[in-house]
Structures are given as structure tokens and as C-alpha cells.
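Beneath this line is the structure, given in C-alpha cells, with notes to follow.
Keep in mind it's a predicted model, so treat the numbers as computed, not measured.
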Amino acid sequence: MTKRSALKRQTREASREFGVLDSSQFIQDAKVRRLPNHAGWSPYPSNDERDQAYLKTLKPKSDGQAELMTMIDHHNLVLALGPAGTGKTYLAVAKAVEALEAGKVGRIVLSRPAVEAGESIGFLPGDMEDKLAPYLRPLYDALSDRLSMKRVKALMAEGLIEIAPIGYMRGRTLNNAFIVVDEAQNCTYTQLKMLLTRLGWHSTMVVTGDPQQSDLLPGISGLADIAERLSAVPDIGVVKLAERDIVRHPLVASMIGVL
């Protein structure tokens, strides 16, 4: 009892002190140590040193992004063309999450062509979602930035977020949905025509891509031709982002200008 009383007394005395405590103040066989009380990083928003924070409010970082967000708000079909790093995919997915959370649509449909970027990755095991997972990773990243991965998995299990391969879209009518077609520069003219005509009632479709970075053979991509034809339709929004809208590392804009 004397040993235990001495340990408790030393622990109470240590709790009144500030700063780093000398471990010699405790007896050798003590199994509980008081951690030093250092002023470190705080998770509260008032801490100015925090580098990143989860923001529910979506704000444009360039004039081009502001135009894209306005087009999505006022048009049911929007084509977003521009170089890498301009936020096309992120803004489209963020707007889809915003519409789903607000109850404006009943589900989110994500579609992306399964085209390798210059190298074959071979046969992928698993079901359809497992096979498409590597190609849809950018969409998942954007979703997880607006929602937690636990929430994303729950919404997918409920069917509120659907992964729709381009090859399985023919014959469907997508009503009350927010459709995001990413990497559309890897779609042919026929594929894009089929995708665009899937648009149903109370739905919004955003098609994103960079005509300058197609992984198809030259002349096969139909994105540029489709965008030029649809730019004459008044109820369809066509946004062309530029190098000044790139929000990635500044070297990305420099490389895009010379490559």
C-alpha cells in the first residue's frame, strides 16, 4: 500500500506541473505515464496553421471555373473542354453531390471509357465494378473529397451512386439523375452521340474531356466535333477552359504551353 500511495502522490504532483516532465520522477515499475503538455496542432478551424480543410461550399478558383459552374446551374447539358488540371472532373462531381444532397436529383451516374493510357494492364479479375475501379479512380477521389468513403460506399450500395460503363448505356433513359461522363476525349463520335441521347427528364449531364489528350488513334475521338456542333444549340452549354484556369502545380500550366 505504501508503494501505491507514493505512486498516486507523484502522479498528482506531476499533473500540476507544465512542460516536459523528467521520467526519473516516476518509479521504475510504473505502467502509466503522463504525456507532456505541448501546444501543438489543433483540429479546430480557428487554427491558422492548418493547411487543408474540408469545405462544404464550392467556390471557383478562376473565371473559367466560375463560368462552368454557372453553366451547370442553368443548363441540363454541359460540355467542359480544357487541359489537365482545370478542375473539370472535380467541379462536375462536386455539383453532382450538391444536387443529390439538395434533393434535386435522385441519383448520380458516373461513366468513363475504359481505355488504357498507352499501355495494356491486361485482364482484371472481379465483377464489373472491380474491373472499372482503376479507370474510375479519379471520380472516386472527387467523390471522397466531398463525401466520406463510408458514405460513398453506402450510397453505392443503395443505388444512389451508379457506375455505368459506356458499353452498357445504350437503350437506357436516365431520368432524375446527374450524369457525369469523364475523359470523353476517349470516346468516338458514335459513342458520344449515344451517351448524349441518354438524357432524360429532370436530369443534368456534364461531359468533360481534353481533345488534346486523347488515347485513341488520331482522328477517332469525336469530342471536338461534337462540341463544335452543339455550341450552336442555345440550350446547351459548351465551356472551353484554358491554361489560366489550371489549379494544379504552376509547372503544369507551363508544361501544357510547350508540350
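- Around atom CG of D63, no more than 12 heavy atoms belonging to other residues, nucleotides or ligands sit under 6.0 Å away.
- Side-chain contact between V109 and V180 is absent, with no heavy atoms from C-beta onward closer than 4.5 Å.
- Residues G171 and R198 come closest through the heavy atom pair N-NH1, 3.2 Å.
- The two residues A227 and V238 come nearest to each other via the heavy atoms O-CG2, 4.1 Å.
- The backbone N or O of R229 sits nowhere less than 3.5 Å from a side-chain atom of S231 that would complete a donor-acceptor pair.
- A heavy-atom distance below 4.5 Å is not found between the side chains of S221 and N186.
- Side-chain contact, T86 with D245: no donor N or O sits under 3.5 Å from an acceptor N or O.
- In this structure, P234 and H75 approach most closely via the heavy-atom pair O-NE2, 3.9 Å.
- Side-chain contact between R170 and R172: absent, with no pair of heavy atoms (C-beta onward) separated by less than 4.5 Å.
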Please table the atom pairs, donor to acceptor, closer than 3.5 Å between any side-chain atom in residues 250-259 and protein atoms at least two apart or in another chain.
from, atom 1, to, atom 2, distance (Å)
S254, OG, P250, O, 3.4

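- Between V93 and D182, every side-chain heavy-atom pair lies at or beyond the 4.5 Å cut-off.
- Inter-residue side-chain proximity for I236 and V78 is flagged as unmet; no heavy-atom pair is nearer than 4.5 Å.
- Using a distance-only test at 3.5 Å, with no hydrogens or angles considered, a donor-acceptor pair links the side chain of Q185 to the main chain of D210.
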Stepwise side-chain hydrogen bond (donor to acceptor under 3.5 Å, both in side chains) check, E67 with Q65
CA-CA 5 Å; E67 181 185 2; Q65 289 190 354; over 6 Å; no
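- Here the shortest heavy-atom pairing between A94 and L58 reads CB-CD2, 3.6 Å.
- When atom types are taken as modelled, the side chain of K88 and the backbone of G82 share a donor-acceptor pair closer than 3.5 angstrom.
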Go through K150 and K153 one step at a time and tell me if the side chain to side chain contact (heavy atoms under 4.5 Å, CB included) criterion holds.
CA-CA 5 Å; K150 182 178 180 181; K153 292 179 180 179; over 6 Å; no
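- No continuous path of ILVMFWY side-chain contacts below 4.5 Å connects L174 to F178, so the two sit in separate hydrophobic clusters.
- Under the 4.5 Å side-chain criterion, counting only non-hydrogen atoms from C-beta, T173 is in contact with N175.
- Cluster membership check: M71 does not share its hydrophobic cluster with L81, using side-chain heavy-atom separations under 4.5 Å among Ile, Leu, Val, Met, Phe, Trp and Tyr.
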Apply side chain to side chain contact (heavy atoms under 4.5 Å, CB included) to V105 and H202, showing your working.
CA-CA 7 Å; V105 296; H202 308 291; over 6 Å; no
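- Applying the side-chain contact (heavy atoms from CB on, under 4.5 Å) criterion to E158, with sequence neighbours excluded, gives L155, L160.
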Using side chain to side chain contact (heavy atoms under 4.5 Å, CB included), reason through L147 and E101 one step at a time and then give a plain yes or no.
CA-CA 10 Å; L147 302 167; E101 295 282 271; 4.2 Å; yes
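- Y189 places a side-chain heavy atom less than 4.5 Å from the side chain of I226.
- Hydrophobic cluster membership is shared by M194 and L223, with clusters built from Ile, Leu, Val, Met, Phe, Trp and Tyr side chains linked at under 4.5 angstrom.
- V239 is not listed as a side-chain neighbour of L79, based on a closest heavy-atom distance of 4.5 Å or more.
- Residues L241 and V206 share a hydrophobic cluster, clusters being chains of Ile/Leu/Val/Met/Phe/Trp/Tyr side chains in contact below 4.5 Å.
- Heavy-atom minimum distance, A66 versus P60: N-CB, 3.5 Å.
- Contacts of R107 classified as salt bridge (charged side-chain N to carboxylate O under 4.0 Å, His left out), with partners at least two apart in sequence or in another chain: E162.
- Checked by atom type and distance alone, the side chain of T188 never pairs as donor or acceptor with a backbone atom of G222 at under 3.5 Å.
- Both Y90 and L139 are members of a single hydrophobic cluster when ILVMFWY side chains are connected at heavy-atom separations under 4.5 Å.
- Applying the side chain to side chain contact (heavy atoms under 4.5 Å, CB included) test between I179 and each of T204, V207, L199 identifies L199 as the sole match.
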